[in-house]
**Q** 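I am attaching a structure below and will ask some questions about it afterwards.
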Amino acid sequence: MSITGIKGMNDILPGDIETWQYLEAQARKIFGAFGYREIRVPVVEKTELFCRSIGETTDIVEKEMYTFSDKGGTSMTLRPEGTAPVMRSFIQHKLYAQDPVSKLYYIGPMFRHERPQKGRYRQFHQIGAEVIGIDDPKIDAQVLAMLSHYFESVAIPDVSLQINSLGCPECRPGYRQALSDFLETRQDLLCADCQRRYTTNPLRALDCKVPGCKEATSEAPDMLAHLCSGCDDHFSQVKAYLDNLEVVYTVNPRMVRGLDYYTKTTFEMVTNSLGSQNAVAAGGRYDGLISDLGGPALPGIGFAMGLERLALMLGEEELVPPRPELFIATLGIAATKAGFNLLTRLQRQGILAEMEYTGKSLKAQLRRADKLNTRRVLILGEDELARGTAQLRYMDESHQEEVTLESIEARLLKEIHDA
RNA sequence: GUGGGUGUAGCUCAGUCGGUAGAGCACUGGAUUGUGGCUCCGGAUGUCGCGGGUUCAAGCCCCGUCACUCACCCCA
């Protein structure tokens, strides 16, 4: 083996890429209709950005970031997620000064140094969307309506939308304390991880997958019952709007987030067809993030979808490659030269056309034309060239006719246009 | 960071009791000197992951190592 790629960072080859292009094109179309515009930000940022936004004690920041010093000694990090860089850009360019509302989406690679497994890679790709400047529950509902519409439109099977509310800086500390107190009484029933978590991050114990913990926390205080009146009202309205829009969801009061900046509404698109990697899209409201990063006190909400996971769920079938309109088969040097000229003229006009470049038998050329699934083959031999004609063979009908060389381009253009 | 599984042709995989490699697909040439698919005949292709050991002899047994993969953890 010579040089190989890096563990957990995959090549996306022709045959697979078509699925990705489809997923991206649908996102652009649907997000566009909902008023979003694309933003592209660098894949590296100052490390500090992620520490401050995602949270110092999260797994992502503690052990999963690709962090290095550049030649000037600045600590830089390959982005592990997309929201923080987009917010950094939003603040830096004062987009709020041009428009009180920004709807942005992004597509691109993210990096986390984890052990790779199915649906989890070190370089992975996300499509994300963010709305900044609106705290009305209508927007929460609209974001969710768009997300579930996207999943329907690309026909991803077996997903369900789960929603929850994490409260705000006003009510969350109270709940956190209540939960922490509760966990303390059940401490001996918890797994080692949860015993550690009940002081550092008690919410995480709620979605622990260890059966013993599930049981021990089954009577835990209800997050939704501890919401302050503002958060409670917001969540009720979100649900009401979702019902009105006929967006199907279930409330999962135990759903928590791996990033610290989330507030109020949070949600996940989950599946059980990807093993333990059950989240294919996730997001929530982050009303404090922008001010935490030094920007104005603007609310935000958004989500990210994992492209690898979406592609896995769409299945193995490869989309068929585009069908050439014409394959030019030639015999003899003069005919090959004429064929090559014609080929390039057609390609310049946007017609997908091919030929055999390395002088093979006519049989071999036709075999290749067939393999490419070509619609037509133009057979150009010395005899025809002398007459200024060629055989135009329609592969599907196994039928051919002699046509003049001058008429070919116009004829092809007309046939393609009519089809 | 912790476990399990798997490494043989471009791909998917056989390979018996240790006797120095095979199939299908794909590729390629031919079966009418200028006509595809189906069929038939032929051809090329391997550091058997790598390194060591045992043995007259190792793809197979032993030790080490690397890679890939799945799972835990965490997450999109």
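All values below were derived from every heavy atom in this structure, side-chain atoms included, with hydrogens, water molecules and symmetry-related copies excluded. Below, chains carry the letters A, B, ... as their sequence lines are ordered, and counting in each starts from 1.
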**Q** Does A:Gln117 place a side-chain N or O at less than 4.0 Å from the phosphate oxygens OP1/OP2 of B:rC72?
**A** yes
**Q** May I ask you to list the residues of residues 27-59 of chain A, by number, that have any heavy atom positioned under 4.0 Å from an atom of RNA chain B?
**A** A:Asp59
**Q** Applying salt bridge (Lys or Arg N to Asp or Glu O under 4.0 Å), run through A:Glu114 and A:Arg122 and close with a yes or a no.
**A** CA-CA 6 Å; A:Glu114 307 176 84; A:Arg122 290 183 172 178; over 6 Å; no
**Q** Where each pair must be Watson-Crick or G-U wobble with both distances under 3.5 Å, what dot-bracket representation of RNA chain B is obtained, with crossing pairs in [ ] and other-strand partners as |?
**A** (((((((..((((.....[..)))).(((((.......))))).....(((((..]....))))))))))))....
**Q** Closest approach to the side chain of A:Leu362, judged atom by atom: which nucleotide of B:rU35, B:rG37, B:rC72 is it?
**A** B:rU35
**Q** Rounded to the nearest angstrom, tell me the gap between atom CD in A:Glu308 and atom P in B:rU69.
**A**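 For the pair A:Glu308 CD and B:rU69 P, the rounded distance is 13 Å.
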**Q** I'd like to know if the side chain of A:Ser89 reaches the main chain of A:Val86, judged simply by a donor and an acceptor atom lying under 3.5 Å from each other, with no hydrogens or angles considered.
**A** no
**Q** Any idea which heavy atoms bring A:Leu206 and A:Arg254 closest together, and the distance?
**A** O-NE, 3.5 Å
**Q** Tell me, which of residues 371-384 of chain A have any heavy atom that sits under 4.0 Å from an atom in RNA chain B?
**A**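 Here the set is A:Lys371, A:Ile379, A:Asp383, A:Glu384.
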**Q** I'd like to know whether A:Arg387 forms a salt bridge (Lys or Arg N to Asp or Glu O under 4.0 Å) with A:Asp383, so could you lay out the CA-CA distance, the side-chain angles of the two residues, the decisive distance to 0.1 Å, and finally the verdict.
**A** CA-CA 7 Å; A:Arg387 289 198 296 273; A:Asp383 305 348; 5.5 Å; no
**Q** When the P atoms of B:rG3 and B:rC60 are considered, how many whole Å apart are they?
**A**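 These two P atoms come out 26 Å apart once rounded.
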**Q** Using atom C1' of each nucleotide, how far apart are B:rC40 and B:rU45 to the nearest Å?
**A** 23 Å
**Q** Check residues 332-344 of chain A and write down every donor-acceptor pair under 3.5 Å in which the side-chain atom is one partner and the other belongs to a residue at least two apart or another chain.
**A**
from     : atom 1 : to       : atom 2 : distance (Å)
A:Thr336 : OG1    : A:Thr330 : OG1    : 2.9
A:Thr336 : OG1    : A:Gly332 : O      : 2.7
A:Thr344 : OG1    : A:Phe340 : O      : 3.0

**Q** Between B:rA71, B:rG36, B:rA76, which one does the side chain of A:Lys118 approach most closely?
**A** B:rA71
**Q** What is the distance from CE of A:Met305 to C1' of B:rC75, rounded to the nearest Å?
**A** 17 Å
**Q** Rounded to the Å, how far apart are A:Lys363 NZ and B:rG42 P?
**A** 17 Å
**Q** Sticking with atom P, work out how far B:rU12 lies from B:rC70, rounded to a whole angstrom.
**A**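 Per the computed distance, 14 Å lies between those P atoms.
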**Q** Using whole Å, report how far CZ of A:Arg368 lies from C1' of B:rG29.
**A**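 Taking atom C1' of B:rG29 as the reference, CZ of A:Arg368 is at 17 Å.
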**Q** Measure from CE on A:Met65 to P on B:rC75 and round the result to the nearest Å.
**A**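 Spelled out: CE on A:Met65 to P on B:rC75 is 14 Å.
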**Q** Taking only the P atom of each, what is the distance from B:rU16 to B:rG22 in whole angstrom?
**A** 14 Å
**Q** Show every salt bridge (Lys or Arg N to Asp or Glu O under 4.0 Å) that has at least one partner inside residues 140-161 of chain A, sequence neighbours left out.
**A**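 Found A:Asp140-A:Arg285.
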**Q** Nearest-Å distance, CD (A:Glu356) to C1' (B:rC27)?
**A**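 After rounding, the gap between these two atoms is 13 Å.
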**Q** Between the main-chain N or O of A:Leu203 and the side-chain N or O of A:Tyr175, is there a donor-acceptor pair closer than 3.5 Å?
**A** no
**Q** Which nucleotide in the set B:rA76, B:rU35, B:rG36 lies at the smallest distance from any side-chain heavy atom of A:Arg257?
**A**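 Nearest to the side-chain atoms of A:Arg257, counting from C-beta on, is B:rA76.
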**Q** Counting distance alone, no hydrogens or angles: does the base of B:rG36 have a donor or acceptor under 3.5 Å from a partner atom on the side chain of A:Ser398?
**A** yes
**Q** side-chain hydrogen bond (donor to acceptor under 3.5 Å, both in side chains) for A:Arg345 and A:Gln349? Distances and angles first, verdict last.
**A** CA-CA 7 Å; A:Arg345 278 207 304 281; A:Gln349 291 179 71; over 6 Å; no
**Q** For atom P, what is the distance between B:rA71 and B:rG10, given to the nearest Å?
**A**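 Roughly 28 Å separates the two P atoms.
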**Q** Distance check, P atoms only: B:rU8 and B:rG51, in whole angstrom units.
**A** 16 Å
**Q** Ignoring the backbone of A:Arg204, work out which of B:rC75, B:rG36, B:rG34 is nearest its side chain.
**A** B:rC75
**Q** Between B:rA76, B:rC68, B:rU28, spot the one nearest the side chain of A:Arg120, thanks.
**A**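 Of B:rA76, B:rC68, B:rU28, B:rA76 is nearest to the side chain of A:Arg120.
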**Q** Answer yes or no: is there a donor N or O on one side and an acceptor on the other, between the side chain of A:Thr374 and the main chain of A:Ala369, under 3.5 Å?
**A**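 Yes: the side chain of A:Thr374 pairs with the backbone of A:Ala369.
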**Q** Is there any side chain to side chain donor-acceptor pair (under 3.5 Å) pair reaching into residues 351-360 of chain A, and which pairs are they, with sequence neighbours excluded?
**A**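 Found A:Glu354-A:Tyr357, A:Glu356-A:Thr358.
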**Q** Give the nucleotide from the list B:rG30, B:rA76, B:rG36 with an atom nearest to the side chain of A:Leu366.
**A**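 Closest nucleotide among those given: B:rG36.
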**Q** Salt bridge (Lys or Arg N to Asp or Glu O under 4.0 Å), that's the test. Do A:Asp181 and A:Arg186 meet it? Break it down for me.
**A** CA-CA 9 Å; A:Asp181 291 346; A:Arg186 303 284 177 109; over 6 Å; no
**Q** On a whole-Å scale, what distance lies between the P atoms belonging to B:rA9 and B:rA21?
**A** 15 Å
**Q** Within 45° of the six-membered ring axis of A:Tyr394 and under 6.0 Å from that ring's centre, is NZ or CZ of A:Arg376 located there?
**A**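 Not flagged: A:Arg376 not positioned over aromatic ring of A:Tyr394.
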**Q** Please give the distance between the C1' atoms of B:rG7 and B:rA76 as a whole number of Å.
**A**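 Roughly 30 Å separates the two C1' atoms.
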**Q** Rounded to whole angstrom units, what separation is found between the CG atom of A:Asp370 and the P atom of B:rC38?
**A** 8 Å
**Q** Measuring from the side chain of A:Asn278 (C-beta onward, heavy atoms only), which nucleotide among B:rA76, B:rC75, B:rU28 has the closest atom?
**A**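 The nucleotide sitting nearest to the side chain is B:rC75.
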**Q** Quickly work out the A:Glu114 CD to B:rU2 P distance and round it to whole Å.
**A**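 To the nearest whole Å, that distance equals 16 Å.
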**Q** Students often get this wrong, so: under 4.0 angstrom with heavy atoms, is A:Gly128 touching a base, only sugar-phosphate, or nothing?
**A**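 No contact.
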**Q** Heavy atoms from C-beta onward define the side chain here; which of B:rC72, B:rU35, B:rG36 lies closest to that of A:Gln391?
**A** B:rU35
